[in-house]
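These notes are about the structure you will find just below.
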Amino acid sequence: MTEKKYTFSLGVVLLAAAIGLLCGVLLSPRTPSDTPSGLMVPVADERTGALMQIIDHFYVDEVDHDSLSTIAVESMLSALDPHSSYLSPQDYDKEVELIRGRFEGIGVTLALINDTVCVSSVIQGSPGALAGMQPGDRILKVDSIRVSQPKSGKDAAKAKSGKNKKAKAEETNDVESGDITSVVDLIRGPRYSTVTLTVDRKGSPKPLLVKIKRDVIHHASIPVAIMIDKQTGYIHVSRFAETTSDEFHNALLELNKLGMKHLVLDLRGNRGGTLESAVRMADELLPKGDLIVYTEGAHQPRSNIYATAGGLFESGRLTILLNEFSASASEVVAGAIQDNDRGLIAGRCSFGKGLVQRQFDLPTGDAVLLTIARYYSPSGRCIQRPYDKGSDAYYMDYLDRVFSNYTSADSLFNATADTSQCFHTKKGRKVYGGGGIQPDVTLPYILDTNWVYYNRLLDKQVLEDVLQKDLYNNYSQLVEQYPDADAFVKNYKVPEQTWQRILLCADKKGIRRHPGALNKYADHIRNRYKSLMAQSLFDENAFYRVYVPYDNELQRALHAKQK
């Protein structure tokens, strides 16, 4: 959500986001020699082996050698730079899923509402959809493992009283209340394997047993590509996966057919991904011969990458949206567009990550992401922030910059630009290195205390709570009344009784009513609820179709002009 000022528990949210940026790597293409067996590695320092022997023979307790080895690897990598990192086998699998844009599962999105695991949306055509899962379903068990307590009926009474002997016997296998990650891990599994969900659904006299055969689920990195007026196309890119460039190409084809003259490319919150996808995206937007990016490192000679002919949007009006959570591959694209004077960069200064990683697999099933080069925008700047004081200081500096952004509309990271690293675009405009991509037009947060109430609704999951109850009670009526997204976007209005339930739910969660906020931003709250409902009933595309007119940052960017 844009325009979030004074977000409740902001420190926790931002710290989590900063840690998440560790995974916002810029991956270079791999080669057949990218394994230890294909490399000439110097003999390890004798001190390491000697120390391990001393610990093994004399340490007071038994030692887990694998854990010590992992700590040693992590320590070595963290001493290099903030973005070289170790991937455990589990992290490795997740990284592969993100990069490939697919995973093995059933194709449902879960929400945790008051310790109950609810289905918030179901991907059309997925195994979950084919098995009959629907938004609003409450998942009680995954196979034999209880993940939620039933909320009504005889099963609830039995679970509460302990009379259900089978349920009591399974208590040792229960998932800890509130652990949604564990539930997701239980539901996911190898392709063609099966999982049985015990589901509480309105209208069913007893819980349903839904058997689902898992399959490959494709997770699009471009959730939306729509026309927001007769000439303006809007594409939001959530990450740079192997599939992103093809998704982007297809999105441009469709929007061009609809008469697009102005493209808004939204990279807000995009933490990066593969360098190849970033390059191919920029290639669609730049004419043949323009330099997109170059990379260089101590063991990597300079490599220039130029735009080729045939890009689908090489000349129309272009606006790119960035914010402080845009990093890595997002910055490659934005830097190429800015330095070639191809389009307008609007928003707030990006994260500032100018390092390129390559993945090296280890023989133990894990891997390391090692920084092998820096990348430079066409003007010759590297936007990597300094990290000579260590990773902790590196991320604390980032958090300080973000907090200053939330407390002063004048900071916007621009005060941190390193003016000693001055470069020039094709047309001679000044741009700076060493601190992220500075936007051509800054879009400050709106410093309005009336947003506090709205943000607390989001923080306390008030809208999701009311939404899940609405889906549970009224799903059949909703899909009958709104058979497709077009009908929903055009005709749905938040009922007055739903609005009152939102206010009452907020009251119960200790959020004091704010007359100014309700007077000024009630429409924004209703729009957010309608957006979430659209996503649950249909898809992310429907979410954005509803939300875009209320995205104040986007609306300001539409009218921004180059200074």
Side-chain angles (χ1 to χ4, degrees), residues 1-27 74 77-86 238-240 267-273 278 320-335 338 345-357 369 371 374-375 377 381-421 431-439 442-445 447 553:
M1 174 65 188
T2 56
E3 310 302 340
K4 284 193 198 174
K5 201 60 190 173
Y6 304 104
T7 304
F8 189 74
S9 301
L10 180 60
V12 176
V13 173
L14 295 180
L15 181 59
I19 293 171
L21 282 164
L22 286 168
C23 298
V25 295
L26 182 63
L27 288 176
E74 290 175 336
L77 292 171
S78 66
L80 299 175
D81 66 81
H83 298 287
S84 290
S85 58
Y86 167 76
S238 60
R239 67 191 188 286
F240 285 84
L267 300 179
R268 290 174 295 177
N270 186 318
R271 300 188 310 227
I320 293 182
L321 280 169
L322 291 181
N323 65 12
E324 55 270 39
F325 302 111
S326 307
S328 196
S330 295
E331 295 172 303
V332 170
V333 175
Q338 188 175 55
I345 310 299
R348 293 177 296 282
C349 183
S350 61
F351 179 82
K353 180 179 179 297
L355 302 177
V356 182
Q357 285 73 45
L369 295 175
T371 297
R374 290 180 172 83
Y375 74 80
S377 70
R381 57 180 167 151
C382 179
I383 51 85
Q384 174 63 46
R385 292 187 296 108
Y387 53 85
D388 53 309
K389 295 181 181 179
S391 294
D392 289 346
Y394 177 76
Y395 282 103
M396 285 307 301
D397 171 69
Y398 170 73
L399 288 177
D400 288 342
R401 292 167 64 184
V402 174
F403 275 117
S404 69
N405 226 8
Y406 274 76
T407 55
S408 171
D410 297 324
S411 65
L412 298 165
F413 288 6
N414 291 324
T416 65
D418 186 351
T419 55
S420 67
Q421 296 187 45
V431 289
Y432 302 99
I437 300 291
Q438 301 286 339
T442 48
L443 302 175
Y445 283 109
L447 299 179
E553 213 166 77

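Heads up: numbering here begins at 1 and tracks the sequence.
- With rounding to the nearest 0.5 angstrom, the OG atom of Ser350 is 3.5 Å from the CD atom of Glu331.
- To the nearest 0.5 Å, the span separating SG on Cys349 from CG on Leu322 amounts to 8.5 Å.
- Nearest heavy atom pair, residue Ser78 against residue Ser391, reads O-OG, 3.9 Å.
- Of all heavy-atom pairs between Arg268 and Ser326, the closest is CA-OG, 3.5 Å.
- The minimum heavy-atom distance between Pro439 and Gly347, with the atom names listed, is CG-O, 3.5 Å.
- For Arg239, the salt bridge (Lys or Arg N to Asp or Glu O under 4.0 Å) criterion is met by no residue, not counting sequence neighbours.
- Partners of Gln338 by side-chain hydrogen bond (donor to acceptor under 3.5 Å, both in side chains), not counting sequence neighbours, listed by chain and number: Arg381, Asp440.
- Ala329 and Gly273 get closest at one heavy-atom pair: CB-N, 3.9 Å.
- The closest side-chain heavy-atom distance from His83 to Ser328 is not below 4.5 Å.
- By the side chain to side chain contact (heavy atoms under 4.5 Å, CB included) test, Ser238 pairs with Ser221, Pro223, His236, sequence neighbours left out.
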Evaluate the side chain to side chain contact (heavy atoms under 4.5 Å, CB included) criterion for residues Phe240 and Leu267: first the C-alpha distance (whole Å), next the side-chain angles of each, then the deciding distance (0.1 Å), finally the verdict.
-> CA-CA 10 Å; Phe240 285 84; Leu267 300 179; 4.2 Å; yes
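- Considering CD of Glu324 and CZ of Arg401, their distance stands at 9.5 Å, rounded to 0.5 Å.
- Heavy atoms only, all atoms of each residue included: Pro386 and Tyr394 are closest at O-CD1, 3.3 Å.
- For the pair Arg271 and Phe351, the minimum side-chain heavy-atom distance is 4.5 Å or more.
- Listed by chain and number, the residues in a salt bridge (Lys or Arg N to Asp or Glu O under 4.0 Å) with Asp397 are Arg385 (sequence neighbours excluded).
- Applying the side-chain hydrogen bond (donor to acceptor under 3.5 Å, both in side chains) rule to Tyr86 yields the partners Asp366; only residues at least two apart in sequence or on another chain are considered.
- Between the CG atom in Leu355 and the OH atom in Tyr375 there is a gap of 8.5 Å [rounded to 0.5 Å].
- Contact check for Arg348 versus Glu553: side-chain heavy atoms found under the 4.5 Å cut-off.
- Ser84 is linked by a side-chain hydrogen bond (donor to acceptor under 3.5 Å, both in side chains) to Asp81, Thr371, counting only residues two or more places apart in sequence or in another chain.
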